[in-house]
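Positions are given from 1, in the same order as the sequence printed here.
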Amino acid sequence: MIRERVHQIANVCFKYRHEVQGLTCENGKITQLHIVDRVSRAETIHRADIIIDCSGHQSKTAHWFKQIGYDVPDDITISLHLGYGSRWYKIPQAVKLDMLGIAIQPKSHEKFYHGAAVGVVENQKAVITLVGVNKDYPPTDKEGFADFAASLDQPIIQQLIQRLKPVSPIYGYRAANRLRPYHKMRSYPANYFVLGDAYCAFNPIYGQGMMVAAMSAKRLKEYLFGHNDIDLSTRNFQKRLFWTVLISWLLAIGEDMRYPSVTGKKPNIIDRVAHRFLDFLFIASNRDQFVGVTLLQVVQRIKSPLYLANPILLILAFFAVLFGKSQTIA
């Protein structure tokens with residue numbers, strides 16, 4: 001739908017089956033893109049006033065910058081060696097699903113490294129994703145996928161796999177949190193922007209990636225409309241973008257650092273205190289609706305993390321942990 005909307009803009013054209021292979025820099029500004037047709041292998045040069053890299057976690061910007069003489073800092077990568085296995089299903093008419101989604105989180109403190117997520121979407125379809133950390137990846141064959149689902153402490157995933165009709169292969173994926181610190185570069189091209197996963201990629205289970213990409217696009221719009229000169233100080237924008245993604249980055253890596261297999265950074269005393277506080281809120285969120293909704297709104301960046309220090313929230317959470325009952329799946 002987004003692509004169709006963009007197609008309706010008169011001065012926008014799409015070049016499919018082409019890829020950028022390099023950049024030309026003149027006087028601190030990227031002036032040309034070197035593009036190759038993937039089918040014919042014909043090479044062309046495109047002049048550019050502004051370049052925006054939204055090519056995802058496989059972005060080659062860092063490599064291209066090094067080719068033209070820029071000093072690029074190393075990526076910051078926090079990995080708990082996580083893998084996914086996902087499959088699409090058709091929901092039969094006889095099966096009624098009232099929920100919009102299910103999330104079962106691995107439990108690092110119990111040394112249980114399996115989890116799952118279910119998303120119910122349009123056209124009577126659902127996607128089931130199995131999650132494994134500590135290099136305990138879900139298999140991508142039918143039997144192994146089912147056995148992995150059976151290992152979960154909630155039977156609902158196994159029941160859904162048995163009742164729904166698969167309509168796709170099982171897709172495997174490996175994920176890590178990675179930040180490319182372009183905001184730290186001493187010298188940066190004046191007209192080159194990097195957004196979305198090309199700049200900061202997250203463990204997808206926390207639902208941060210598309211949200212942060214949308215927030216970044218909004219920041220770019222505000223920045224471009226605030227500058228009349230085409231020779232933009234793009235490094236300043238990348239600094240602003242860092243502050244835009246920072247809260248989501250800290251939420252993602254803070255949760256991932258619970259696991260003993262994490263590489264890139266180990267938790268310090270502040271991280272451990274934060275983990276205990278979040279454990280308290282997670283327990284309360286399953287027993288009190290207000291706590292649960294507020295916690296979800298903070299994770300989804302609808303509300304500021306400062307809401308987690310709200311005295312009313314803390315009082316409700318305290319009583320929920322002491323006297324509330326956990327919700328269960330029938």
Side-chain angles (χ1 to χ4, degrees), residues 1-16 18-20 22-35 46-65 68 70 72-73 75-76 177-202 204 206-252 299-305:
M1 291 180 67
I2 294 172
R3 184 166 57 245
E4 288 173 1
R5 286 283 298 273
V6 176
H7 261 299
Q8 295 171 12
I9 303 173
N11 62 340
V12 172
C13 68
F14 287 76
K15 295 187 75 69
Y16 294 104
H18 287 70
E19 63 181 87
V20 177
L23 311 171
T24 296
C25 184
E26 298 176 359
N27 300 318
K29 180 180 177 181
I30 304 301
T31 57
Q32 295 178 339
L33 303 179
H34 302 253
I35 298 178
H46 283 253
R47 295 198 62 83
D49 294 318
I50 292 177
I51 302 97
I52 304 170
D53 179 3
C54 300
S55 57
H57 67 278
Q58 295 186 15
S59 164
K60 297 180 180 178
T61 287
H63 172 67
W64 296 333
F65 278 4
I68 56 178
Y70 284 97
V72 182
D75 295 352
I76 301 170
N177 301 290
R178 191 201 59 250
L179 175 68
R180 290 184 163 129
Y182 295 121
H183 57 282
K184 292 185 176 180
M185 292 174 60
R186 291 189 295 271
S187 178
Y188 191 93
N191 59 332
Y192 196 102
F193 301 88
V194 186
L195 302 183
D197 279 6
Y199 174 62
C200 185
F202 300 91
Y206 305 126
Q208 302 286 308
M210 287 189 287
M211 175 192 65
V212 169
M215 293 172 63
S216 301
K218 183 180 178 182
R219 294 289 179 270
L220 178 60
K221 176 183 176 181
E222 295 167 352
Y223 188 77
L224 291 177
F225 276 81
H227 289 75
N228 295 321
D229 187 356
I230 200 65
D231 292 324
L232 302 169
S233 178
T234 320
R235 182 168 174 265
N236 291 335
F237 171 78
Q238 294 297 151
K239 288 183 176 180
R240 296 185 189 186
L241 185 61
F242 170 73
W243 292 106
T244 299
V245 308
L246 181 60
I247 293 175
S248 294
W249 171 258
L250 293 176
L251 285 171
V299 171
Q300 297 296 324
R301 298 292 299 279
I302 297 170
K303 288 186 174 179
S304 164

Within a strict 4.5 Å, meaning less than it, do heavy atoms of the V20 and I51 side chains meet? no

Check whether any side-chain N or O of N191 sits under 3.5 Å from a backbone N or O of I30 as a donor-acceptor pair, and report yes or no. yes

Tightest non-hydrogen contact, residues S248 and V212, listed as OG-CG2, 3.5 Å

Please name the pair of heavy atoms, one in C25 and one in Y70, separated by the smallest distance, quoted to 0.1 Å. SG-OH, 3.5 Å

Would you compute the distance between atom CH2 of W64 and atom CG of D53 and round it to the nearest 0.5 angstrom? 6.0 Å

To the nearest 0.5 angstrom, please state how far the CD1 atom of I76 sits from the NZ atom of K184. 4.5 Å

Tell me whether the rings of F65 and Y188 are parallel (<30°), tilted (30 to 60°) or perpendicular (>60°). perpendicular

Is there a donor-acceptor contact under 3.5 Å from the side chain of R178 to the main chain of D75? no

T61-Y182 side chain donor-acceptor pair, cut-off 3.5 Å: no

By side-chain hydrogen bond (donor to acceptor under 3.5 Å, both in side chains), H34 pairs with (sequence neighbours left out) T24

Between the CG atom in N236 and the OH atom in Y223, the distance rounded to the nearest 0.5 Å is 5.0 Å

Given side chains that start at C-beta, do those of L179 and F242 come closer than 4.5 Å, heavy atoms only? yes

If you compare all heavy atoms of K239 against all heavy atoms of W243, which two are closest, and at what distance to 0.1 Å? O-CD1, 3.2 Å

ring-ring contact (aromatic ring centres under 6.0 Å, His included) partners of Y199, counting only residues at least two apart: none

Taking all heavy atoms of A213 and all of G196, pick out the closest pair and write down the distance. CB-CA, 4.1 Å

Looking at CG of L33 and CD of E19, how far apart are the two atoms once the value is rounded to the nearest 0.5 Å? 12.5 Å

Side-chain touch F237/R219, heavy atoms, less than 4.5 angstrom: yes

Restricting to non-hydrogen atoms, name the atom on S55 and the atom on A198 that form the minimum distance, rounded to 0.1 Å. N-CB, 4.2 Å

To check you understand the geometry: which heavy-atom pair defines the closest contact between G56 and R180, and what is its length? O-NH1, 4.2 Å

Could you measure the distance from the OG atom of S216 to the CD atom of Q238? Nearest 0.5 Å is fine. 9.0 Å

Got a sec, which residues hit ring-ring contact (aromatic ring centres under 6.0 Å, His included) with H7, two or more places apart in sequence or on another chain? F14

OH of Y192 to CD1 of I52: how many Å apart, nearest 0.5 Å? 10.5 Å

Can you tell me if K303 has over 12 outside heavy atoms packed within less than 6.0 Å of its NZ? yes

